[in-house]
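Residue numbers begin at 1 in each chain, while the letters A, B, ... track the order of the sequences.
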Amino acid sequence: MSDLNRRSTPLFPMSIITSLTDLTARQIRYYEENGLVHPARSKGNRRLFSFNDVDRLLEIKDLIDKGVNLAGIKEMLSNKTTKTETEEVPKEEKLEVEVKQALSDRELRNLLRKELLEAGRLNKNSLRQGELSRFFH
DNA sequence: ATTCTCACA
DNA sequence: TGTGAGGA
């Protein structure tokens, strides 16, 4: 499985996302309503987030803290994807994004490892163990 | 037990 | 944004 696929695979439920991002479920659902994130859904209509979703939510949180409103965030995030044919992109800005993502990944691994251990300890789980285990081979 | 949608003292 | 009701 490619890295790109891995990062976009829907894996975690709300509870994990709230602890990973420090955002409330209410906020996350609200951001989704405004088209800032599009988590997948399980059969039971539960939201399933991917690593990409987590990164996106962390960026959103960052912008919110900086006082950017949802409309503004929506633009910035979409521009980020549509900025392929634009032109010059400050090298410094690129590096900053890369570093931020690297840090995000590191934190995610730690938190996820913790989640897995706790889930396993409390012995009770279906989706997490099977799906997430592949990230820690 | 968890998450979902909807609505508002 | 928080929170509680009523379902799944």
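- Between A:K61 atom NZ and C:dT1 atom P the separation is 12 Å, expressed in whole Å.
- One interatomic measurement links the two molecules: CG of A:N34 to C1' of C:dT1, which rounds to 13 Å at whole-angstrom precision.
- To the nearest 0.5 Å, atom CG of residue A:L57 and atom CG of residue A:L20 are 9.5 Å apart.
- A:I28 has its CD1 atom 16 Å from the C1' atom of B:dT5, to the nearest Å.
- Listed candidates were B:dT3, C:dT1, B:dT5. Nearest to the side chain of A:R47 is B:dT5.
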Output field dot_bracket for DNA chain C (Watson-Crick or G-U, both distances under 3.5 Å, | for other-strand pairs) contains .|||||.|
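- Remark: the backbone N or O of A:E59 is not paired with any side-chain donor or acceptor of A:D62 at under 3.5 angstrom.
- What separates OH of A:Y30 from P of B:dA7 is a distance of 16 Å, to the nearest Å.
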With a cut-off of 3.5 Å and sequence neighbours excluded, list every side-chain donor-acceptor pair involving residues 32-39 of chain A.
{"unit_1": "A:E32", "atom_1": "OE1", "unit_2": "A:R47", "atom_2": "NH1", "d": "2.3"}
{"unit_1": "A:N34", "atom_1": "ND2", "unit_2": "A:Y30", "atom_2": "O", "d": "2.9"}

Protein heavy-atom contacts under 4.0 Å, written 5' to 3' over nucleotides 3-8 of chain C as B (base), S (sugar-phosphate only) or - (none), form the string B----B
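- At distances below 3.5 Å, at least one donor-acceptor pair connects side-chain atoms of A:Q27 with backbone N or O atoms of A:T24.
- At whole-Å resolution of the value, CZ in A:F12 and P in B:dT2 are 18 Å apart.
- With values rounded to the nearest 0.5 angstrom, A:K61 atom NZ is found 11.5 Å from A:I64 atom CD1.
- Comparing B:dT3, C:dT1, B:dT5 against the side chain of A:M14 picks out B:dT3 as the nearest.
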Evaluate the side-chain contact (heavy atoms from CB on, under 4.5 Å) criterion for residues A:R41 and A:L48: first the C-alpha distance (whole Å), next the side-chain angles of each, then the deciding distance (0.1 Å), finally the verdict. CA-CA 5 Å; A:R41 294 285 181 143; A:L48 291 178; over 6 Å; no
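- In this structure, the separation between CG on A:L77 and CD1 on A:I60 is 5.5 Å, given to the nearest 0.5 Å.
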Any chance you could lay out the side-chain contact (heavy atoms from CB on, under 4.5 Å) test for A:F51 and A:T9, step after step, and finish with the verdict? CA-CA 7 Å; A:F51 278 98; A:T9 305; over 6 Å; no
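- To the nearest 0.5 Å, the span separating CD1 on A:I17 from CG on A:D22 amounts to 12.0 Å.
- Residue A:Y31 places at least one side-chain N or O closer than 4.0 Å to OP1 or OP2 of C:dT1.
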